[in-house]
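Below is one structure, written out as structure tokens; the observations come after it.
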Amino acid sequence: MLEIAQIRENKEAIIERLKVRNMDAKAQLNRIYDLDAKWRNEKQALEAVLAEQNKVSKSIGQLFKEGKQEEAQAAKARGSELKEKEKSIVDGVNQLADEIQQLLYEIPNVPHPSVPAGNSDEDNEVIAQSGEIPTVGDTWKPHWDLAKEFDLIDFELGVKVTGAGFPFYKGKGARLQRALINFFLDEARDAGYKEIIPPFVVNEASGYGTGQLPDKEGQMYHVTAEDLYLIPTAEVPLTNIFRDEMLKEEQLPVCLTGYTPCFRREAGSYGKDVRGLNRLHQFDKVEIVRVEHPNQSYAVLDQMVAYVQGLLTKLGLPFRILRLCGGDLGFTAALTFDLEVYSAAQDKWLEVSSISNFETYQANRLKLRFKDDDKKKQLAHTLNGSALALPRILAALLENNQDENGIKIPAVLVPYTGFDRID
RNA sequence: GGAGAGUUGGCAGAGUGGUCGAAUGCGGUAGUCUUGAAAACUAUUGUACCGUAAGGUACCGGGGGUUCGAAUCCCUCACUCUCCGCCA
């Protein structure tokens with residue numbers, strides 16, 4: 001969330017920048033601003049009462065010791081009076097603080113100056129494209145047909161055992177899946193990321209820490225008996241490692257990677273977008289997460305994009321890079337680049353990675369700070385990106401690499417799969 | 001699932017109603033000593049918020065209560081550990 005100090009100081013600039021998200025935040029920010037002023041005012045009044053209370057209470061002990069009964073009794077009476085006064089103020093102060101907090105949670109991150117205005121994914125800016133778009137043959141099939149033909153993925157079985165969006169991967173389909181995970185993890189390790197296997201369920205505080213709560217409450221699976229949430233991405237446990245942490249500057253940067261299954265309810269999705277592997281309730285993903293010094297974070301964001309680009313090049317998949325417009329930008333992100341691969345038989349670009357700089361937005365919720373060289377505490381910047389999400393990679397691999405009688409496995413994966421063709 | 005014991009500052013660990021934001025030790029920081037280091041010694045060392053400042057307030061697992069006054073008493077919730085049971 002935004003820092004209240006930012007709103008005190010740069011209210012108008014923030015309102016202006018949030019317009020890029022098609023959001024008129026004027027009323028909200030003005031309300032926060034006013035409530036904050038009121039809160040500070042009332043808090044001071046309250047603290048003055050508490051200060052006197054403390055003083056009086058302390059004197060009572062002393063007076064009793066000195067045997068000054070009458071004075072002690074008088075002081076007690078004054079204490080009771082002050083307590084009444086406290087009661088009359090305290091609720092109001094707390095309510096103000098709660099209300100401000102609640103409102104702050106509802107303000108999204110302020111977009112980076114490079115973020116273009118726009119309403120939806122159609123307004124995203126294509127900034128690069130690479131790789132050869134395959135010429136689709138007459139007999140080319142979408143991945144769901146290929147998956148069935150070669151018995152790689154069983155969607156119907158998933159429906160029977162669990163429900164739609166929970167496929168079974170079988171035989172070479174399963175092995176290909178495992179190969180991709182290992183390939184991505186090894187690449188990340190070579191790039192300097194430390195591998196982590198985190199828990200796949202998190203508590204409520206962690207959900208708030210990275211901003212899934214309260215914004216995306218309905219998108220996570222909630223285990224009500226234990227009040228835990230299935231993670232929608234490894235970002236949540238990996239970033240929450242640093243909740244309430246004070247790092248030393250020399251500990252930066254922190255570079256982590258982790259493979260996890262990801263669980264998403266995807267409420268509201270429908271139609272051809274959810275066909276086959278395009279959108280699942282459970283999918284596998286390797287994530288990269290970084291905690292950075294504020295003056296490094298944008299350089300690092302570019303590095304992360306270049307890194308993921310490298311993965312796609314190695315896999316031989318045509319891709320393009322998008323700079324998300326304000327309307328498509330995630331709630332907590334200041335700047336996001338999406339990478340999309342071209343999936344031939346569907347003739348579609350599929351999002352396989354989303355790489356974002358959150359600046360201090362997550363760090364402020366997380367209370368993730370570091371002590372700089374002058375021993376001052378400041379909020380760190382957090383970044384993360386998919387490297388990569390598997391299902392759509394798999395979809396593109398199957399569709400783009402098909403030929404008359406099977407599917408060719410990219411050379412970099414063969415050491416991991418142990419086979420070079422599916423047929 | 002059953003029984004019990006816990007939760008205090010970076011860590012360990014005292015503290016059972018006022019002088020406790022909290023002993024002591026370790027750790028950290030600065031200094032003395034030393035050619036340098038170690039050891040020893042001395043001093044210092046929690047966090048957040050409000051305030052231009054002086055200063056003030058809050059925090060001893062969370063929430064509530066008793067009291068003029070709570071780390072300390074009461075209620076409640078959460079978590080951790082130990083033993084038993086079950087189990088990959």
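Just so we're on the same page: letters track the sequence lines, and every chain starts at 1. For the numbers below, each heavy atom of this structure counts, side chains included, while hydrogens, waters and symmetry mates do not.
Following rounding to the nearest Å, M246(A) (CE) and G28(B) (C1') show an atom-to-atom distance of 14 Å. The NZ-P distance, from K87(A) to C68(B), rounds to 10 Å in whole Å. Rounded to a whole Å, the CZ atom of R78(A) is 14 Å from the P atom of G69(B). One atom, CD1 of I4(A), and another, P of A48(B), lie 17 Å apart when rounded to the nearest Å. Residue Q73(A) contributes atom CD, which lies 14 Å from atom C1' of G69(B) at whole-angstrom precision. When rounded to the nearest whole Å, the span between CZ of R369(A) and C1' of G10(B) equals 14 Å. The interatomic distance linking K85(A) (NZ) with C68(B) (P) rounds to 18 Å, in whole Å. When the C1' atom of G1(B) is taken as reference, atom CD of E226(A) falls 13 Å away, rounded to whole Å.
When the P atom is compared between U80(B) and G27(B), the two are found 31 Å apart, to the nearest whole Å. Between G46(B) and C26(B), the two C1' atoms lie 16 Å apart (nearest whole Å). The same atom, P, is picked in A43(B) and in G25(B); the two are 11 Å apart, to the nearest Å. Atom name C1', nucleotides U32(B) and A23(B): the rounded distance is 27 Å, in whole Å. A gap of 13 Å separates the P atoms of G63(B) and A71(B), to the nearest Å. A distance of about 28 Å separates the P atoms of A58(B) and A14(B), rounded to the whole Å. Between U24(B) and U45(B), the two P atoms lie 13 Å apart (nearest whole Å). One C1' atom belongs to U66(B), the other to C74(B), and the distance between them is 7 Å to the nearest Å.
Taking each heavy atom of D284(A) and P261(A) in turn, the nearest pair found is OD1-CA, 3.8 Å.
A distance below 6.0 Å separates the ring centres of H112(A) and Y298(A).
Partners of Y33(A) under the side-chain hydrogen bond (donor to acceptor under 3.5 Å, both in side chains) rule, at least two apart in sequence or in another chain, do not exist in this structure.
Checking H293(A), Q251(A), M246(A) one by one against F370(A), the side-chain contact (heavy atoms from CB on, under 4.5 Å) holds for a single residue, H293(A). Shown are K141(A), Q346(A), K348(A); of these, the side chain to side chain donor-acceptor pair (under 3.5 Å) with E399(A) is made only by Q346(A).
T210(A) and Q362(A) share no side-chain donor-acceptor pair at under 3.5 Å. A donor-acceptor contact under 3.5 angstrom links the side chains of Y416(A) and D186(A), judged on distance only. Between the side chains of E86(A) and Q53(A), a donor-acceptor pair is found at a separation under 3.5 Å. Using a 3.5 Å distance cut-off with no hydrogens or angles, the side chains of S57(A) and N54(A) do not pair a donor with an acceptor.
Regarding contacts with the backbone of G51(B), a side-chain N or O of R40(A) is found under 4.0 angstrom from either OP1 or OP2. Applying the 4.0 Å criterion to OP1 and OP2 of A48(B), one finds that K367(A) has every side-chain N and O outside that range.
With rounding to the nearest 0.5 Å, the separation of CG in L390(A) from CG in L277(A) is 10.0 Å.
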With 3.5 Å as the limit, what N/O pairs link the protein to nucleotides 53-57 of chain B?
{"residue": "G56(B)", "atom": "N2", "partner": "E47(A)", "partner atom": "OE1", "Å": "3.1"}
{"residue": "U57(B)", "atom": "OP1", "partner": "N54(A)", "partner atom": "ND2", "Å": "3.2"}

For nucleotides 17-22 of chain B, give me every protein contact, N/O to N/O, under 3.5 Å, one pair per line with atom names.
{"residue": "G18(B)", "atom": "N2", "partner": "S57(A)", "partner atom": "O", "Å": "2.6"}

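G1(B): Watson-Crick or G-U partner is C84(B), with both key distances under 3.5 Å. Pairing for U32(B) goes to A40(B), judged as Watson-Crick or G-U wobble with the two contacts each under 3.5 Å. With both pairing distances under 3.5 Å, U52(B) is matched to nothing as a Watson-Crick or G-U wobble pair. With a cut-off of 3.5 Å on both Watson-Crick or G-U wobble distances, the partner of G61(B) is given as C77(B). Within the shown strands, A12(B) is the pairing partner of U24(B) under the Watson-Crick or G-U definition, both distances less than 3.5 Å.
Across the interface with RNA chain B, nearest-nucleotide mapping of Q44(A) and K76(A) shows Q44(A) to be the residue nearer the 5′ end. Each of K371(A) and D36(A) has a nearest nucleotide on RNA chain B; the 5'-most of these lies closest to K371(A).
Among the protein residues, K248(A) comes within range of no part of the nucleic acid, since none of its heavy atoms lies under 4.0 Å from any strand.
A cation-pi arrangement is absent between K172(A) and F150(A) under the rule of less than 6.0 angstrom and at most 45 degrees off the ring axis.
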